[in-house]
Amino acid sequence: MARSGKVAVIGAGFYGSTTAMRLAEYDIFDTVVLTDVVDGKAEGLALDLNQSRWIEGFETKVVGQTTGPNGEGYEAIAGSDIVVITAGLPRKPGMSRMDLIETNARIMRQVAENIAKHAPDTVVINVANPLDEMTALAQIVTGFPYQRVIGQAGMLDTARFTHFVAEELKVPVASVTTLTLGSHGDTMVPVASACTVDGKPLSELLSPEKIEELVVRTRNGGAEVVALLKTGSAYYAPSAAAARMAKAVHEDSGDVMPVCAWVDGEYGLSGAYLGVEAQLGAGGIRKVIETPLTAEEQALLVEAYEAVKAKQADVKDL
Ligand SMILES: NC(=O)c1ccc[n+]([C@@H]2O[C@H](COP(=O)([O-])OP(=O)(O)OC[C@H]3O[C@@H](n4cnc5c(N)ncnc54)[C@H](O)[C@@H]3O)[C@@H](O)[C@H]2O)c1
């Protein structure tokens, strides 16, 4: 595929800079723009990434831009087809994602206002935590149609679950299919009925207790990394997830993946951002896909929906 278009990544921390690197290394964009409020940080990382082009063999140019409190510098994102929002504080050991809500909501408001002003036709992929709430806030502040504001969580949780299953069974990750829906947090819904290894149902290969153990580890997957790092949170797998979503949008691929999307009647649920499978294309979400669920999985998804809906109800006041 020929190189084209522009993608912007807001926030040049660990998540943002690794996402920018992955997007640049795909070599499918003309330009990757990386921004941050810390003076020179985005420019420095962009220069560093550009100097890796010859070794890694990509031509995409990375542009770094410091942004100011009043939106200075945001002209750099004009014309972006996709904007990935990574600006926001990460967790420290012992913190829940909800502990970040007030600070990250302040950051999100400023970022989303400037995206609406400078890139009004873009597709937004949010990763800032707490994920479901910050995605809802990004949609409210930008005023973009729901299908143009997406959150990243399900790809990551599914990738973590897949890794744990592959490790347990000592098989290649490529032979494992898993799926998680619901929310990025306590109400993550593992869809055991959709999990297979080389086409065989996971339930025939692992005991229910072992599957539950891997589910719990997946649910706490972010906290496990945070506890080991002691400062900051995961970014290699998270950036792979966000970059993969941006690629699907850029290529108008129609790929189906678990993402945080607005539900409007699917599974009998409406009016909230929820982790579901969706088909991605140039306009963002083409369609939310209803995965066949067992009665128990459907009940868990309804529980997740009720929890995220309640939290999203107050988001506009943040
Ligand atoms: N959705 C997920 O699956 C997932 C996974 C991991 C991390 N996260 C979240 O991603 C976010 C970023 O994580 P990180 O590890 O990169 O943190 P980080 O601290 O390394 O980087 C955050 C960056 O945002 C910048 N920033 C702050 N305010 C800004 C603003 N107004 N405009 C532009 N930039 C601003 C900071 O200067 C910093 O460089 C956190 O909220 C974290 O919880 C989400």
Side-chain angles (χ1 to χ4, degrees), residues 8-22 33-46 64-74 76-77 83-93 95-115 118 124-135 137-138 141 150-161 180 182-185 188 218-226 229-245 257-260 273 275:
V9 180
I10 312 297
F14 288 112
Y15 200 144
S17 57
T18 41
T19 301
M21 182 181 82
R22 292 187 190 284
V33 177
L34 180 63
T35 78
D36 202 282
V37 284
V38 175
D39 188 22
K41 184 174 185 178
E43 287 85 344
L45 290 167
Q65 177 67 54
T66 300
T67 54
N70 299 312
E72 300 89 338
Y74 266 92
I77 72 163
V83 179
V84 183
I85 304 177
T86 76
L89 298 193
R91 284 190 285 172
K92 296 203 174 81
M95 276 175 105
S96 83
R97 294 183 179 94
M98 282 309 280
D99 292 336
L100 302 167
I101 195 160
E102 287 190 7
T103 311
N104 284 355
R106 264 198 306 278
I107 295 173
M108 177 57 78
R109 278 198 173 274
Q110 199 243 356
V111 169
E113 275 165 17
N114 282 295
I115 292 172
H118 293 279
V124 170
I125 298 174
N126 171 57
V127 313
N129 275 319
L131 193 273
D132 310 293
E133 291 79 2
M134 289 304 106
T135 305
L137 185 60
V141 176
I150 319 169
Q152 184 302 112
M155 278 290 276
L156 173 62
D157 291 334
T158 298
R160 283 179 170 152
F161 194 15
T180 66
S183 97
H184 192 42
M188 183 196 90
T218 302
R219 192 174 287 132
N220 299 327
E224 186 177 351
V225 176
V226 169
L229 294 179
K230 297 180 189 68
T231 159
S233 59
Y235 47 93
Y236 288 122
S239 62
R244 187 64 193 72
M245 288 166 62
M257 46 186 87
V259 299
C260 175
Y273 272 97

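As the structure is a prediction and not an experimental result, all values here were calculated from the model. Atoms within each ligand, like the ligands themselves, are counted from 1 in listed order.
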Which of the ligand 1 atoms, numbered from 1, are nearer than 4.0 Å to a heavy atom of [X]:
X    : result
V38  : 37 (O)
L156 : 3 (O)
N129 : 4 (C), 8 (N), 9 (C), 41 (O), 42 (C), 43 (O), 44 (C)
N104 : 41 (O)

Which residue supplies the protein heavy atom nearest to [atom], what is that atom called, and how far is it?
atom                    : value
atom 29 (C) of ligand 1 : V37 CG2, 3.6 Å
atom 20 (O) of ligand 1 : F14 N, 3.0 Å
atom 21 (O) of ligand 1 : G13 CA, 3.1 Å
atom 22 (C) of ligand 1 : G88 O, 3.3 Å
atom 37 (O) of ligand 1 : D36 OD1, 2.6 Å
atom 4 (C) of ligand 1  : Y15 CE1, 3.5 Å
atom 31 (N) of ligand 1 : Q110 OE1, 3.0 Å
atom 44 (C) of ligand 1 : V127 O, 2.9 Å

Smallest separation among heavy atoms of [X] and [Y], with atom names:
X    : Y    : value
D36  : G13  : OD2-N, 3.9 Å
A42  : L34  : CB-O, 3.2 Å
A237 : L156 : CB-CD1, 3.5 Å
P90  : S233 : CB-OG, 3.4 Å
A242 : Y15  : CB-OH, 3.7 Å

If we set the cut-off at 4.0 Å for heavy atoms, which region of [X] has an atom near ligand 1: side chain, backbone, both, or neither?
X    : answer
A234 : backbone
K41  : side chain
P238 : side chain

State whether the side chain of [X] and the backbone N or O of [Y] hold a donor-acceptor pair below 3.5 Å, judged by distance alone.
X    : Y    : value
T66  : G40  : yes
E113 : V141 : no
T86  : G11  : yes
R22  : Y236 : yes

To which of L229, T18, T86 does the heavy atom nearest atom 12 (C) of ligand 1 belong?
-> T86
Pick, from G222, P90, C260, P130, the option with the minimum heavy-atom distance to atom 19 (O) of ligand 1.
-> P90
Does T67, backbone or side chain, put an N or O under 3.5 Å from an N or O of ligand 1?
-> no
Can you find an N or O of Q152 that's nearer than 3.5 Å to an N or O of ligand 1?
-> yes
Might you work through the side chain to side chain contact (heavy atoms under 4.5 Å, CB included) test for L89 and N104, ending with a clear yes or no?
-> CA-CA 6 Å; L89 298 193; N104 284 355; 3.8 Å; yes
Distance col, row T103:OG1 vs M108:CE, nearest 0.5 angstrom, shows 13.0 Å
Return yes when L89 approaches ligand 1 closer than 4.0 angstrom through a heavy atom, no otherwise.
-> yes
Looking just at side-chain N and O atoms, do D157 and H184 make a donor-acceptor pair shorter than 3.5 Å?
-> yes
